[in-house]
Amino acid sequence: MFCIQCEQTIRTPAGNGCSYTQGMCGKLASTSDLQDLLIYMLQGVSAYAVKAREFGIIDAEIDTFVPQAFFSTLTNVNFDDERLVEYTQQANAYRARLKTAYEAACQEAGQTPAVLPETATLVLGTSKVEMLEQASIAAPNRGDVHEDILGLRLLCLYGLKGAAAYMEHARVLDQTDAEVAGRFHEIMSFLGEDSTDADKLFATSMEIGQLNYRVMEMLNTGETTAFGHPEPTQVNTKPVKGKAILVSGHDMVDLELILKQTEGKGINVYTHGEMLPALAYPELKKYPHLVGNYGSAWQNQQKEFANFPGAVVMTSNCIIDPNVGSYSDRIFTRSIVGWPGVTHLTSEDFTPVIEKALALDGFTYDEIPHEITIGFAHNALMAAAPTVVENVKNGSIKHFFLIGGCDGDKNERSYFTDLARSVPEDTVILTLGCGKYKFNKLEFGDINGIPRLLDIGQCNDAYSAIQLAIALSEIFECDINELPLSLVLSWFEQKAIVVLLTLLSLGVKNIRTGPTPPAFLTENLAKILEDQFGLKNTSTVEDDLNAMIKVA
Ligand code: SF4
Ligand code: SF3
């Protein structure tokens, strides 16, 4: 196995990456190898999808499948070898279907079919054993390649993986776009060609950022069309007496299905992790049995789920070993999520979850409520913009910090809590992603009625933050980089990588990322990113704060 895609990857003086029998996340070597082979096959499907498109052949089912299956290889999503084997065999069938359609079109047009890369021609083994024997050809560090080229390839691969995840989140909300799918296939296919062209790879990473900007826009449209615009909302973070279901991950469509199916059944529904922002959407918060948020970010789930006296549903990342906390009999996976031995729900019928919740004790007492405020996405921010501008102009607000991204359990991540605690009183913190759990229960107060902590939403709601920055730069008639705004992003997995690529592709400069730099970025690449975009690693809170406020 070789996997280096997330922040917790193994780093040793001898080399970086999880490469023994198991990754830090618990992913076994077999799972990692099967994921590599799946990606390789998906690149072959995309190679044919690109050629088929030259004849106007678009297969919407396959356009859906490729990003969806790619999403299963993201960190903390799918650990189930059998499901990965199924996805790979399905990719093989889809590749054959497109090949047939493409070659028939060539014949009709009197053309010779193009010679495609090996991703399009590999004869896939039929069993898991045979597939594992083939996996080394698909390893992400295959071939004898310069480390900078490998770093660029991985930047693209992992960035595109993040975009694929958001494409799937948008798709479940009926947001698809043949043009986006076409561009996705082109990049996916290109990455299967093992390019050694540094300029092209670098340009591709920026294209992935741009593609993802469009995908985040689609996702924003899908969420607000389905559930209305988030509005500032007080959310209880303490348990309420009664039977209980906890819903985690990013997929609010599943949450809505659960809310509908539990109506009148005496079950309270709670959000966890990245589902917290759902509580601010009018069409979700209208359900009285959506009682609040329980727990915090993904890395605490083994303790929090173990203590939760009800059923748990993982709608997307991040899942970690449920056997550690002994709750594997009452956790359910949906969509692309998988853990061996855990019940996977393949339909929209949540009866097994409801029956499990009813059979369990639930909370036997009410805890004293503790409320936090969420819901400052696009519309709420725009509504607040004139007051914010006034306060900037009269000097009441001196600076904005966007402190957002992923959470994780490394000690160094206390940096983000310390930073949030240390920013001056006359500044406002914007936050998003699951990293906010590091500080979202602290008291920050307000500046002339504007809360000092504005929770924008999920990681993909970086889209709303970008819209606010664009609006402010128009009002102040300046470049985004001239705004009194500093971005400090905590990264963990590939969604964070693609959000970063989006920001860079939009020309946003001087972003700080932490707690450690991606292990796949070489010193040379980090230097290029620093020279071109001012991208820096987080240092100490004191030094960073001084520098950020001085730059402004
Ligand atoms: Fe290692 Fe992260 Fe890959 Fe898991 S996802 S194997 S921790 S690099
Ligand atoms: Fe968190 Fe996994 Fe990335 Fe959507 S849920 S931000 S880590």
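Along the sequence shown, the residues carry numbers beginning at 1. When a ligand or atom number is given, it counts from 1 through the structure's own listing order.
A heavy-atom separation below 4.0 Å is not found between N76 and ligand 2.
For atom 3 (Fe) of ligand 2, the set of nearby N, O or S atoms under 2.8 Å includes one belonging to C406. Distances from atom 2 (Fe) of ligand 2 show that C318 has an N/O/S atom below 2.8 Å.
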If you apply the rule ring-ring contact (aromatic ring centres under 6.0 Å, His included), what do you find for F308 with Y270, and how did you get there?
CA-CA 10 Å; F308 186 80; Y270 298 79; 5.7 Å; yes
Please evaluate residues R334 and H344 with respect to the criterion side chain to side chain donor-acceptor pair (under 3.5 Å), reporting the C-alpha separation (whole Å), side-chain torsions for both, the decisive distance (0.1 Å), and the verdict.
CA-CA 6 Å; R334 275 281 291 157; H344 182 67; over 6 Å; no
Check step by step if side chain to side chain donor-acceptor pair (under 3.5 Å) holds for T73 and K161.
CA-CA 8 Å; T73 71; K161 196 179 283 198; 3.0 Å; yes
ring-ring contact (aromatic ring centres under 6.0 Å, His included) evaluation trace for Y158 with F520:
CA-CA 10 Å; Y158 300 150; F520 56 84; 5.2 Å; yes
Verdict with reasoning, H229 to Y281, per ring-ring contact (aromatic ring centres under 6.0 Å, His included)
CA-CA 6 Å; H229 284 275; Y281 285 81; 8.5 Å; no
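Protein heavy atom nearest atom 2 (Fe) of ligand 1, with residue, atom name and distance: C6 SG, 2.3 Å. Nearest protein heavy-atom contact of atom 1 (Fe) of ligand 2 is C434 SG, 2.3 Å. In this structure, atom 1 (Fe) of ligand 1 lies nearest to the protein heavy atom C18 SG, 2.3 Å. Atom 5 (S) of ligand 1 has T75 OG1, 3.3 Å as its closest protein atom, hydrogens excluded (heavy atom only). With respect to atom 3 (Fe) of ligand 1, the closest heavy atom belonging to the protein is C3 SG, 2.3 Å. In terms of protein heavy atoms, atom 6 (S) of ligand 2 is closest to E274 OE2, 3.4 Å.
The N, O or S atom of E493 lying closest to atom 3 (Fe) of ligand 2 is OE2.
Of all atoms in ligand 1, numbered sequentially from 1 with element shown, those under 4.0 Å from a heavy atom of I4 are 8 (S). Taking a cut-off of under 4.0 Å to the non-hydrogen atoms of W298, the atoms of ligand 2 that pass are 2 (Fe), 7 (S). Atoms of ligand 1 found under 4.0 Å from any heavy atom of Q8 (numbered from 1 in listed order, with element): 7 (S). Of all atoms in ligand 2, listed by their number and element, those nearer than 4.0 Å to a heavy atom of H250 are 4 (Fe), 5 (S). Listed by atom number, the atoms of ligand 1 under 4.0 Å from C25 heavy atoms are 4 (Fe), 5 (S), 6 (S), 7 (S). Below 4.0 Å from some heavy atom of G23 lie the following atoms of ligand 1, by number and element: 6 (S). Numbered from 1 in the order shown, with element, the atoms of ligand 2 that lie under 4.0 Å from a heavy atom of N317 read 2 (Fe), 5 (S).
The number of heavy-atom neighbours closer than 6.0 Å to CD of E523, taken from other residues, nucleotides and ligands shown, is 12 or below. No more than 12 heavy atoms of other residues, nucleotides or ligands shown are found within 6.0 angstrom of NZ on K303.
At a heavy-atom distance under 4.0 Å, only side-chain atoms of K27, from C-beta outward, approach ligand 1. Only the side chain of M1 comes within contact range of ligand 1, with a heavy atom under 4.0 Å; no backbone atom does. Counting heavy atoms closer than 4.0 Å to ligand 2, residue Q458 contributes nothing at all. The residue N76 has no part lying near ligand 1, judged by heavy-atom distances below 4.0 Å.
Aromatic ring orientation, Y463 versus Y213: tilted (interplanar angle from 30° to 60°). In this structure, F79 and W339 have tilted ring planes: the angle between them lies in the 30° to 60° band.
Neither side chain, N78 nor D80, offers a donor N or O lying under 3.5 Å from an acceptor on the other.
Between F305 and H272, the ring center distance clears the sub-6.0 Å criterion.
Here the rule is side chain to side chain donor-acceptor pair (under 3.5 Å) with T75, and of K495, Q8, Q494, E493 only Q494 fits it.
Shown here for P518 and I497, the closest heavy-atom pair between the two residues is CG-CD1, 4.3 Å.
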